[in-house]
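I have placed the structure first, in the form of structure tokens, so that the comments after it can refer back to it.
Computed from a prediction, not measured in an experiment: that's the story for all the values here.
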Amino acid sequence: MVRVGDEVSNKQVIFRDYVIGSPKESDMYLTTGTIKLKVPEGSNAVLVKNLYLSCDPLMQFFMRKAEGPNGYLYYTPGSAIFGYGVAKVLDSGHPEFKAGDLVWGITGWEEYSLITKTTDTLIKIQHTDVPLSYYTGILGMPGMTSYAGFYEVGTPKKGEYVFVSAASGAVGQLIGQIAKLEGCYVVGSAGSKEKVDLLKNQLGFDEAFNYKEEQDLNTALKRYFPEGIDVYFEHVGGKMLDAVLLNMRHHGRIAVCGMISQYNLDEPEGIKNLLHIGFKWIQMKGYTHRNYYHLNPKFLDLVLPYIREKKMVYVEDIVEGLESGPAALVGLFSGRNFGKQVVVVARE
């Protein structure tokens, strides 16, 4: 049993060097260093034991040499990568956190992390009657993203027609279920028969289709939305967005969370049908969860009862051990994951 003040081994996933194109497992490697389980005297840092780590598409931007979204930190070659995770506080110099607290937020891909930027990156976990791993997904960043995208950006109303791309992913599966609970007609796209079955049979989508089996996405969307789309939750981009624009209704809304099909292309695909934004008075708005942390209490008030009453399903793809992390992360970009991708570092 480890104690505060001990010096212990610390397994880490290290970033090798800046990446061009699609990330590969070889862009990361596993090593073991040491760490003293004590916050430096006078520091307001928090020392944590990491339990669950989240694999998120955004992480591939951090592997590039300062050319991704503004306002984000980037990985440093030779240092541990970082991302969202769930952890247990072992020692704290911060007045808002104490030993034994469970937290979620930005942490290192390692067994133990000394977190110095606590104010903006850590949230104390108050509800432990649900799986802790959920704070990497439905109750963490993807959940906040889904809530903000639905209620603050897309704002579907009861009876409206909603389309969700990448619908079996961490954000898509939640947006689709919220839309159904709010009385919308919901269709999702995914990349395999198994994921389509998940959307229709477990997550309650009205319809779903495998975009890889469709020769013409415009035709596919007309099949599922003969009267057009009111709200599109965009996670894919490229040909899918082009087809959606042809099928949007007047005064439609497009909430842009991501465009995973474009992230690792040398030349992103051009969009041909942008004139439809003007013709149909479409509102198209980008967003991330980062502007909506103040809504976290309202978000939890909505989602926690749904989880407890089993009105909302959340699918996780869990792998064990830090050594499984690089393959799990890279697998996001080929759709290898089935649900929210989580890496277990330790269960307690």
Side-chain angles (χ1 to χ4, degrees), residues 104 125-127 129-131 133-190 194-209 221 224-225 227-236 244 248-249 251-258 283 285 287-289 291-317 338-340:
W104 74 266
I125 293 173
Q126 307 285 0
H127 305 277
D129 60 330
V130 293
S133 59
Y134 277 16
Y135 288 92
T136 67
I138 189 171
L139 295 175
M141 182 273 286
M144 281 293 301
T145 303
S146 305
Y147 180 87
F150 189 91
Y151 290 103
E152 300 293 319
V153 184
T155 62
K157 301 173 184 63
K158 184 176 181 179
E160 287 194 315
Y161 302 107
V162 172
F163 177 48
V164 185
S165 59
S168 66
V171 174
Q173 61 172 293
L174 297 178
I175 284 182
Q177 290 183 85
I178 293 171
K180 280 303 300 174
L181 289 165
E182 294 288 356
C184 301
Y185 170 80
V186 186
V187 177
S189 65
E194 292 75 20
K195 291 178 180 179
V196 168
D197 289 344
L198 169 72
L199 296 175
K200 292 170 66 174
N201 300 329
Q202 291 188 51
L203 303 185
F205 283 58
D206 293 288
E207 289 289 352
F209 64 91
L221 291 173
Y224 293 106
F225 294 100
E227 298 181 49
I229 300 166
D230 289 300
V231 186
Y232 171 46
F233 290 98
E234 165 69 300
H235 304 119
V236 171
V244 166
M248 291 297 293
R249 302 178 81 181
H251 300 287
R253 286 89 72 203
I254 299 177
V256 181
C257 176
Q283 294 181 27
K285 182 178 179 180
Y287 73 101
T288 75
H289 66 287
N291 295 331
Y292 298 100
Y293 272 114
H294 62 286
L295 297 178
N296 190 59
K298 288 178 67 176
F299 158 66
L300 291 177
D301 286 346
L302 175 83
V303 174
L304 279 168
Y306 285 147
I307 295 173
R308 291 167 180 148
E309 296 163 17
K310 301 195 182 333
K311 291 182 178 178
M312 189 172 275
V313 177
Y314 193 62
V315 180
E316 297 177 307
D317 188 334
F338 191 83
K340 170 63 189 172

* side-chain contact (heavy atoms from CB on, under 4.5 Å) involving Ala170 - partner list, sequence neighbours excluded -> Pro142, Tyr314, Lys340

* How long is the gap from OH on Tyr161 to CD1 on Ile229, to the nearest 0.5 Å? -> 12.0 Å

* Structure fact -> dist Asn296:CG -> His289:NE2 (nearest 0.5 Å) comes out at 10.5 Å

* To do: Would you name the heavy atoms of Val153 and Ala255 that are closest together and state the gap between them?
  => CG1-CB, 3.6 Å

* Asked: Less than 4.5 Å apart, any side-chain heavy atom of Phe150 and any of Val231?
  -> no

* Asked: Between CZ of Phe225 and OH of Tyr185, what distance do you get to the nearest 0.5 Å?
  -> 6.0 Å

* Take atom CD of Gln283 as the centre, draw a 6.0 Å sphere, and report whether it contains more than 12 heavy atoms from other residues, nucleotides or ligands. => no

* **Nearest-0.5 Å distance that lies between atom CD in Gln202 and atom CD in Gln173** => 10.0 Å

* To do: Starting at CZ of Arg249, measure out to CD of Glu227 and round the result to the nearest 0.5 Å.
  => 5.5 Å

* Structure fact -> For Cys257 and Tyr287, the nearest pair of non-hydrogen atoms, with its separation, is CB-OH, 3.6 Å

* Asked: With a 4.5 Å heavy-atom cut-off, do Leu199 and Val164 have their side chains touching?
  -> no

* To do: Kindly say whether Val236 contributes a backbone atom to a donor-acceptor pair with the side chain of Glu234 at under 3.5 angstrom?
  => yes

* So, do Glu182 and Tyr151 sit near enough that their side-chain heavy atoms are less than 4.5 Å apart? -> yes

* Structure fact -> Looking only at heavy atoms, the pair that brings Val186 and Lys180 closest together is CG2-CD, 3.7 Å

* For Leu300 and Gln126, run side-chain contact (heavy atoms from CB on, under 4.5 Å): C-alpha distance rounded to whole Å, both residues' side-chain angles, the deciding distance at 0.1 Å, then the answer. => CA-CA 10 Å; Leu300 291 177; Gln126 307 285 0; over 6 Å; no

* Asked: Do Ile175 and His235 have side-chain heavy atoms sitting under 4.5 Å apart?
  -> yes

* Donor-acceptor contact below 3.5 Å, side chain Ser146 vs main chain Val171 -> yes

* To do: Decide side-chain contact (heavy atoms from CB on, under 4.5 Å) for Leu139 and Ile307; before the verdict, give the C-alpha distance in whole Å, the side-chain angles of both, and the deciding distance to 0.1 Å.
  => CA-CA 10 Å; Leu139 295 175; Ile307 295 173; 3.9 Å; yes

* Asked: Between Phe233 and Gly149, what is the shortest heavy-atom contact and its length?
  -> CE2-O, 3.3 Å

* Asked: Are any of the side-chain heavy atoms of Ser189 and Phe163 separated by less than 4.5 Å?
  -> yes

* To do: Indicate the atoms forming the closest heavy-atom contact of Gly154 with Arg253, along with that distance.
  => O-NE, 3.1 Å

* How far does CE of Met248 sit from CG of Leu221, to the nearest 0.5 angstrom? -> 10.5 Å

* Asked: Shortest non-hydrogen contact from Met312 to Val303?
  -> SD-CG1, 4.1 Å

* Taking only residues two or more places apart in sequence or in another chain, which ones pass side-chain contact (heavy atoms from CB on, under 4.5 Å) with Tyr224? -> Val187, Glu207, Phe209

